[in-house]
> 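Questions regarding the structure given below will be posed in turn.
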Amino acid sequence: MSDVILETFDGPTVPIHALTEAETTAALATDAFAAALARTADFKGKTGQLLLVPDAQGALDRVLFGAGDAQHPTVYRALPAKLPPGVYRIAARPQGVTPDQIALHFALGSYRFDRYKTPGAEQARLVAEGADAAEVRQVAHACALARDMINTPANDMGPRQMETIAREIAEQHGARISVVEGDALLTENYPAVHAVGRAADPSRAPRMIEISWGEGDKPLVCLVGKGVVFDTGGLDIKPSAGMRNMKKDMGGAAHVLALGRMIMTANLPVRLSILVPVVENAISGDAMRPGDILASRKGLTIEVGNTDAEGRLILADALTRACELEPALTIDMATLTGAARVALGPQLPPYFTDDEGLAADIEAAARAEWDPMWRLPLWKAYADALDSDVAGIKNDPDAWAQAGAVTAALFLQRFAPKGAWVHLDVFAWNPRARPGYATGGEAQTIRGLYRMIRERFA
């Protein structure tokens, strides 16, 4: 991702006047030329409207941008795609929207995934006057990293490539990293991770990645992310339509790596552990079968009712490892259930926690960052839908419970550390393009979580 946010610029810049509808009416009343253009273009300052105003020689002189709701900074994500190449600055903005917010959403809206295409035209850039440009860029770059990882097809984003990215992040920030790969997962007691990933080609062997950062007696934050680089469904194979976008099933891992990078770059006063189980849920003669009973790191046996409910299996081992570290806060993230999409759709990821203080902190941070998420309940009355007749627990709940996102979260809770724990069931994908949101991989909730961690431990 190129740097579209500039701290300073010595050359000429084009001013952008971001105006509410009321402010637009007042501005045009004193600018006859712009008012004539506005009548021709039906520009009224509605959300996302853009009016390019030339000077006497025909060069772009200024831009009027319809900010709509003055308190809604996400509208600035639409600007990069609408503006011609050039360098811009915000000359006027509605009250209640900060320079940091404008710069960040401008950067997020500038994202392109062009790894496999001829690079497109030069992008518009913004001089972030009054903003913390370094902080804006580091957050935007972390979000772009997550989106790049999710968008990259599985042939180029396998377990080894995931490990390489994790090693680069660790090296960049002076963190320690350990990787347990292949059959060593059995000797190191990650049996569920091994069971899910063992059917893949040896070059794409499963692995458990652990990054450790920070020193002293600072509180430990543990991030756990589902890293299924491709999900066929296993022997309970998905239909072709369901398999089409399964390159994104490592979205949870991409999110925690990006969030961890934000935390380390900002040098927040915490210790950090990032746990990423990485597998390919492939099909071969060695694939796990419906009816198999798996061991887990916790010692709780798991009956496999459905091989397509594999994400919770690898997270079970990773969450058990988190328990051993005794964190002050545990966050797990996964592209886990279609039921979450049925409940809330692709734009609003659910989160689950029994910690009321943590839930309040997450909600406040999510609202402040305009990073939507919604709390769903860990409804204990559904827990016995996970009871197995032959094992300690099963990975496919009884049909009567119906609430698949809730029962998946209840499954994970059986393995999660005591204390402050939250599970997020992210979609990590924009199924359709909208202004500022390109089709494909999306970074969801991590800006809000970053703010929550920063404020909780500051």
> Less than 4.0 angstrom from a charged side-chain N to a carboxylate O is my criterion; do Glu324 and Lys298 meet it?
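No, no charged N to carboxylate O under 4.0 Å.
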> My understanding is that only one of Trp429, Tyr116, Tyr111 makes a side chain to side chain donor-acceptor pair (under 3.5 Å) with Asn151; could you say which?
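Per the side chain to side chain donor-acceptor pair (under 3.5 Å) rule, the option paired with Asn151 is Tyr111, out of Trp429, Tyr116, Tyr111.
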> With no hydrogens and no angle check, is any side-chain donor or acceptor of Gln123 less than 3.5 Å from a backbone partner on Ser110?
yes
> Taking Arg204 first and then Glu163, would you say they form a salt bridge - that is, a charged N and a carboxylate O separated by under 4.0 Å?
no
> Give a yes or no on whether the backbone of Glu171 and the side-chain of Arg167 come within a donor-acceptor separation of less than 3.5 Å.
no
> Would you check if the side chain of Arg447 reaches a backbone N or O of Thr445 as a donor-acceptor pair within less than 3.5 Å?
no
> Check this for me: does any side-chain nitrogen of one of Arg321 and Glu188 sit under 4.0 Å from a carboxylate oxygen of the other?
no
> If the test is side chain to side chain contact (heavy atoms under 4.5 Å, CB included), which one of Glu280, Met243, Glu310 qualifies with Asp249?
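That would be Glu310; it is the only one of Glu280, Met243, Glu310 passing the side chain to side chain contact (heavy atoms under 4.5 Å, CB included) with Asp249.
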> Hey, does the side chain of Asn430 reach the backbone of Thr439 with a donor-acceptor pair shorter than 3.5 angstrom?
no
> By the definition salt bridge (charged side-chain N to carboxylate O under 4.0 Å, His left out), identify the one residue from Arg454, Arg456, Arg367 that meets it with Asp361.
Arg456
> Would you check if the side chain of Thr307 reaches a backbone N or O of Leu235 as a donor-acceptor pair within less than 3.5 Å?
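Here the side-chain-to-backbone pair exists.
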> Please work out whether the ring planes of Trp421 and His423 are parallel, tilted or perpendicular, with thresholds of 30° and 60°.
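Ring orientation of Trp421 relative to His423: parallel.
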> For the residue pair Trp213 and His173, is the inter-centroid distance of their aromatic rings smaller than 6.0 Å?
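Here the rings of His173 and Trp213 have centres that are no less than 6.0 Å from each other.
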> Ignoring hydrogens and angles, tell me if any N or O in the side chain of Arg341 forms a donor-acceptor pair with the backbone of Thr337 under 3.5 Å.
yes
> Is the distance from the ring center of Tyr76 to that of Phe65 below 6.0 Å?
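Aromatic pair counts; centres sit under 6.0 Å.
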> Strictly distance-based, threshold 3.5 Å: is any side-chain N or O of Ser388 a donor or acceptor partner for the main-chain N or O of Gly392?
no
> At what distance, to the nearest 0.5 angstrom, does CH2 of Trp370 lie from NE2 of His105?
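Answer rounded to 0.5 Å: 8.5 Å.
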> Check Asp425, Thr335, Val426 against Lys226 for a side chain to side chain contact (heavy atoms under 4.5 Å, CB included) and give me the one that passes.
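The residue from Asp425, Thr335, Val426 that satisfies side chain to side chain contact (heavy atoms under 4.5 Å, CB included) with Lys226 turns out to be Thr335.
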> Answer yes or no: is there a donor N or O on one side and an acceptor on the other, between the side chain of Lys380 and the main chain of Leu378, under 3.5 Å?
yes
> Would you find a donor on one side and an acceptor on the other, under 3.5 Å apart, between the side chain of Gln444 and the backbone of Met373?
no
> Taking Ile5's backbone N and O only, do any of them form a donor-acceptor pair with Arg125's side chain (distance below 3.5 Å, no angle check)?
no
